[in-house]
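Below: one structure, written as structure tokens.
The first residue of the sequence shown is numbered 1, and numbering continues consecutively from there.
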Amino acid sequence: MTKRGYGRPWVAAGLAAVVVTGGAAQAAQCGNGPAGYEAWKREFAEEARGRASAASLAALMGTSYSSATIAADRGQKSFRLSLEQFLAKRGGPTIVSRGRALKQSNAALFASIEQRYGVPPGPLLAIWGMETGFGAVRGNVNTLSAVATLAYDCRRSAYFTDQLYAALTLVDRGVLTASTRGAAHGEVGHTQFLPKSILNYGTGGSLDSLPNALNSTANFLRAHGWQRGAGYQPGEPNFAAIQGWNAASVYQRAIALLGKRIDGE
């Protein structure tokens, strides 16, 4: 999910971080450019004391404003394409052909995942291929800087403040570090989970491990209503779980169609 609408390994936006002082709630002021970022970090860190550890806040203070993140956030134009245009841009035929080959070469892994979560290989491979080209392109943006930049940025500050608190928790758990790198919005691993989704649906370990990433993705889909043996095309029971993965309609339909083709249906 290097570029996407929000609503996939993402959960609903949380409240912005606040601290209560003398009965009044105060929050670090969001901004729309790099000038206020350093002051915002100090304000946020002060508010977060007691909720985030000193070590994780030290990692936050080492972040920098990510212009690459803002450029990517403002440039998500592919979701406006038709399904045919979107599949052509994202290399749909290649995802199907490679997906079928990887389904065979990782048959035991996919069989174990389907047994445990009820999710067949097709949609998992479609997501894996769409998100990172089957692990080839996972991003090279500092993850904490990306999430903190979006928490500071006024466009979706509340949503990404929630993600930032999750990221700080993951730093304390050793899942993320100050040097972790991933996609421009803070997504990491083979299938590009945002921090809060790692907390909620991660099945353990780094998502740069393929088994961990695919098990976590299946767990996400099951938690969003996936029914064993049911269809996942538009109008079928499991399409709602795919909708939970990404808010963009064209992305949802692409995953469903590519998954169906990979599964040979």
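Applying the salt bridge (charged side-chain N to carboxylate O under 4.0 Å, His left out) test to pairs two or more places apart or on separate chains, those with a residue in residues 198-218 are Arg138-Asp208. The list of side chain to side chain donor-acceptor pair (under 3.5 Å) pairs with a residue in residues 27-42, not counting sequence neighbours, reads Tyr37-Thr63, Glu38-Lys41. Pairs engaging residues 128-176 under the disulfide bond (SG atoms under 2.5 Å apart) rule: Cys30-Cys154 [sequence neighbours left out]. Legend: disulfide bond (SG atoms under 2.5 Å apart) pairs involving residues 176-263, not counting sequence neighbours: none detected. For residues 169-238, there are no disulfide bond (SG atoms under 2.5 Å apart) pairs, not counting sequence neighbours. Identified under the disulfide bond (SG atoms under 2.5 Å apart) test for residues 195-247, with sequence neighbours left out: none. Applying the side chain to side chain donor-acceptor pair (under 3.5 Å) test to pairs two or more places apart or on separate chains, those with a residue in residues 101-129 are Lys103-Asp263, Trp128-His190. The salt bridge (charged side-chain N to carboxylate O under 4.0 Å, His left out) contacts involving residues 140-153 comprise Arg74-Asp153, where partners must be two or more places apart or lie in separate chains.
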Distance-only criterion, 3.5 Å: show the donor-acceptor pairs between side-chain atoms of residues 174-182 and protein atoms not counting sequence neighbours.
from   : atom 1 : to     : atom 2 : distance (Å)
Thr177 : OG1    : Ser179 : N      : 3.2
Thr177 : OG1    : Ser179 : OG     : 3.1
Thr177 : OG1    : Thr180 : N      : 3.3
Thr177 : OG1    : Thr180 : OG1    : 3.3
Thr180 : OG1    : Thr177 : N      : 2.9
Thr180 : OG1    : Thr177 : O      : 3.4
Arg181 : NE     : Asn140 : O      : 3.1
Arg181 : NE     : Asn140 : OD1    : 2.9
Arg181 : NH2    : Asn140 : O      : 2.9

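For Ala101, the side-chain contact (heavy atoms from CB on, under 4.5 Å) criterion is met by no residue, not counting sequence neighbours. Under the side chain to side chain donor-acceptor pair (under 3.5 Å) criterion, Thr149 pairs with no residue at all, not counting sequence neighbours. Judged as a side-chain contact (heavy atoms from CB on, under 4.5 Å), and not counting sequence neighbours, Ser97 has no contacts.
Considering every non-hydrogen atom in both Asn212 and Ser206, the closest pair reads ND2-O, 3.1 Å.
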